[in-house]
Structures are given as C-alpha cells and as structure tokens.
Undergrad: 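Structure provided below as structure tokens; questions to follow.
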Amino acid sequence: VLQAMGKVPRHEFVPDQFRPRAYQDSPLPIGFGQTISQPYIVAFMTEQLQPKPADRVLEIGTGSGYQAAVLSELVSQVYSVEIIPELGRRAAADFSRLGYTNIQVRLGDGYGGWPEAAPFDAIIVTCAPENVPQPLIAQLKEGGRMLIPIGSGSNQQLVLATKQHGELERRALLPVRFVPMTRSQRR
Ligand code: SAH
C-alpha cells in the first residue's frame, strides 16, 4: 500500500490552485461540493481491503479518481461509479492521460452497484449512505470484503464488512466524515 501511495501523483488529481497542498495529509475541495479524501484514509481503507493482484474491485464515488488510482496499482481491475457526470468524466480523462488502463468509470447512482461486472472480490464506498445498500451486498463475492462509511452528517463509522454465508459480518473501525451518498432523482 505504501508503495502504491508513493507511486500515484496526488497533485494530478487536485485542482490547480490546491496543488501546493497536494502532499499534505488533508482532504481538499475538487469542485461540485466534493472532496478528494485525506491520504491517510485512502491508505487505511486500501490496507483494510486486503487487495490481491487478481482482484476485481468496485468503488462507489470516483470523485477525483485518486483512490481508484491507488487501488489500480494493487489489483487487476477497478470499476468506479460516480454520480456527478462532470467529476466522472474528468476522472476518466485523467486516467487515460496518466496511463491508468485498468480503471473503468461509469456515470450514475452507485447505490445499485455495477451488476454487469459483478461479482466483485472487494467493494470500497467513499460516500456515506445511512445503511449498506442491498445491491452491493448481492454483488460482493462470498468471503469478500467491503469498506463503507455508514451514518449521517458528522456521525459516521467506517465499517469493515465481510460476506459470510450470504450475510455481512460487520466491524466498526474508525469514526469518519465522508460526503453523503446522494441518490439519483431519475428513479
Ligand atoms: N474516492 C474519491 C472520494 C470522492 S468524495 C477520491 O479519491 O477522490 C465522494 C464522491 O462520491 C463524490 O464525488 C460524490 O459525487 C460521489 N457520490 C455521492 N453519492 C454517490 C452515489 N450515489 N453514487 C456514486 N457516487 C456518489
């Protein structure tokens, strides 16, 4: 994980005016009221996911694309869903510009996951719903791991969930503050 963190150029994933602060351990604004996560949290979540080279991983909340880029150094495929089209398109353009060829971006509401690419070895959610979305449980492989912030406002817990016999075994790891998971209006 540390090697991957050392390899990914975080300054390429933040707006120009914040580049001088790209290597500080803090979240930064990326536009549209969203943020690139704090590097410590990206590293912590990546480590807890226990990524393996052959894994196919689903991310909900592409944002800047930074977390997806870090993961892409450690697994075979990253599938990432972003609800704000401008952010998803910008991240996809950044991935091709920087040569990340094993990340696919889909624009839309990640609550429903990415059924066509399921099942996944691991799922990482970087926006906070109030409960674990049922479709994500269904799309996780037996024995697979999910990292997900659960809660609302400033009252969120980062949960590590492992799928055992079709159900999630959950463990709260850390209090966190992610942007809320928003839902698509076209439903
Ligand atoms: N992993 C990102 C973190 C971005 S912040 C990074 O490394 O920069 C969380 C992102 O989740 C935001 O871009 C927000 O638009 C997105 N998001 C919120 N609700 C969503 C939903 N229902 N589906 C997909 N993305 C969502």
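One-based numbering along the sequence shown. Indexing begins at 1, ligand by ligand and atom by atom, following the structure's order. Atoms considered below: every heavy atom in the structure, side chains included; atoms not considered: hydrogens, waters and symmetry mates.
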Undergrad: Under 4.0 Å from any heavy atom of T62, which atoms of ligand 1 are there?
TA: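 Reading through ligand 1 atom by atom, the close ones are 1 (N), 2 (C), 6 (C), 8 (O).
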Undergrad: Among all protein heavy atoms, pick out the one at the shortest distance from atom 19 (N) of ligand 1; state its residue, atom name and that distance to 0.1 Å.
TA: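 Its nearest protein heavy-atom neighbour is T182 N, 3.0 Å.
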Undergrad: Taking non-hydrogen atoms only, is T35 closer than 4.0 angstrom to ligand 1 via side chain, backbone, both or neither?
TA: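 Backbone only.
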Undergrad: Answer with yes or no whether S80 contacts ligand 1, where contact means a heavy atom under 4.0 Å from a ligand atom.
TA: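 No.
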Undergrad: Between F178 and V125, does a side chain to side chain contact (heavy atoms under 4.5 Å, CB included) hold up when you go through it step by step?
TA: CA-CA 10 Å; F178 280 84; V125 183; over 6 Å; no
Undergrad: Assess, by modelled atom type and distance only, whether the side chains of S64 and Q34 contain a donor and an acceptor separated by less than 3.5 Å.
TA: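 Note: S64 and Q34 side chains miss the donor-acceptor criterion.
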Undergrad: Would you check the N or O atoms of V179, main chain and side chain alike, for any that come under 3.5 Å of an N or O of ligand 1?
TA: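 The answer is no, given that V179 and ligand 1 share no N or O pair closer than 3.5 Å.
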Undergrad: How long is the gap from CD on E86 to CD1 on I30, to the nearest 0.5 Å?
TA: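 Interatomic distance, E86 CD to I30 CD1, rounded to 0.5 Å: 11.5 Å.
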Undergrad: Atom CG in L87, atom CD in E82: separation rounded to 0.5 Å?
TA: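 L87 CG to E82 CD: 5.0 Å, rounded to 0.5 Å.
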Undergrad: Quick one: look at E59 and ligand 1, take heavy-atom pairs under 4.0 Å, and tell me if it's side chain, backbone, both or neither.
TA: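 Side chain only.
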Undergrad: So if I count the atoms of ligand 1 from 1 in the order they appear, which ones are less than 4.0 Å from some heavy atom of Q67?
TA: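 Close to Q67: 1 (N), 7 (O).
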Undergrad: Short list, please: which atoms of ligand 1 are under 4.0 Å from a heavy atom of D109?
TA: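 Answer for ligand 1: 21 (C), 22 (N), 23 (N).
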Undergrad: Using heavy atoms and a threshold below 4.0 Å, how should the contact between S184 and ligand 1 be classified: side chain, backbone, both, or neither?
TA: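 No part of S184 is near ligand 1 at this cut-off.
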Undergrad: Mark up the atoms of ligand 1 that fall under 4.0 Å of a heavy atom belonging to I84, in ascending order.
TA: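 Atoms satisfying the 4.0 Å criterion: 15 (O).
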Undergrad: At the 4.0 Å heavy-atom cut-off, does R183 count as touching ligand 1?
TA: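 It does not; every heavy atom stays at 4.0 Å or beyond.
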Undergrad: Distance under 4.0 Å to a non-hydrogen atom of L87: what atoms of ligand 1 satisfy this?
TA: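 With L87 as reference, the close atoms of ligand 1 come out as 13 (O).
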Undergrad: Which atom names give the shortest non-hydrogen contact between P51 and L71, and what distance separates them?
TA: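 Looking at all heavy atoms of both residues, the shortest contact is CB-CD2, 4.5 Å.
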Undergrad: Does any pair with a residue in residues 170-182 pass side-chain hydrogen bond (donor to acceptor under 3.5 Å, both in side chains), and if so which ones, sequence neighbours excluded?
TA: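 side-chain hydrogen bond (donor to acceptor under 3.5 Å, both in side chains) check on residues 170-182 returns no pairs.
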Undergrad: Exactly one of I123, T126, L173, V159 should register a side chain to side chain contact (heavy atoms under 4.5 Å, CB included) with L147. Which one does?
TA: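 Among I123, T126, L173, V159, the one meeting side chain to side chain contact (heavy atoms under 4.5 Å, CB included) with L147 is L173.
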Undergrad: Check whether any N or O atom of G61, backbone or side chain, sits under 3.5 Å from an N or O atom of ligand 1, and answer yes or no.
TA: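 Yes - when backbone and side-chain N and O of G61 are compared with those of ligand 1, one distance drops under 3.5 Å.
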Undergrad: Ligand 1 and Y111, any nitrogen or oxygen pair closer than 3.5 angstrom?
TA: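 For ligand 1, there is no N or O atom that lies under 3.5 Å from one belonging to Y111.
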Undergrad: Would you mind running through ligand 1 and noting each atom that sits below 4.0 Å from a heavy atom of G108?
TA: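 Numbered from 1, ligand 1 contributes 23 (N), 24 (C).
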Undergrad: Heavy-atom distances under 4.0 Å decide this one: backbone, side chain, both or neither, for Q34 against ligand 1?
TA: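 The side chain, only.
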Undergrad: With heavy atoms of G63 as the reference, note each atom of ligand 1 found under 4.0 Å away.
TA: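 Checking each atom against G63, I get 4 (C), 13 (O).
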Undergrad: List in chain and number order the residues that pass side chain to side chain contact (heavy atoms under 4.5 Å, CB included) with Q50, two or more places apart in sequence or in another chain; answer none if no residue qualifies.
TA: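 Result, side chain to side chain contact (heavy atoms under 4.5 Å, CB included) vs Q50: K52, R145.
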Undergrad: For I103 and Y100, which heavy atoms make the closest approach, and how far apart are they?
TA: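 Smallest interatomic distance, heavy atoms only, reads CD1-CB, 3.7 Å.
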Undergrad: Give the atoms of ligand 1, by number and element, whose distance to some non-hydrogen atom of S64 is under 4.0 Å.
TA: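 That gives atoms 6 (C), 7 (O), 8 (O) of ligand 1.
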Undergrad: Please say which of I124, V78, L136, D121 ends up in a side chain to side chain contact (heavy atoms under 4.5 Å, CB included) with L58.
TA: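 That would be L136.
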Undergrad: First locate atom CG of D109, then atom CD1 of I60, and finally report the distance between them rounded to the nearest 0.5 Å.
TA: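 Rounded to the nearest 0.5 Å, the CG-CD1 separation comes to 8.5 Å.
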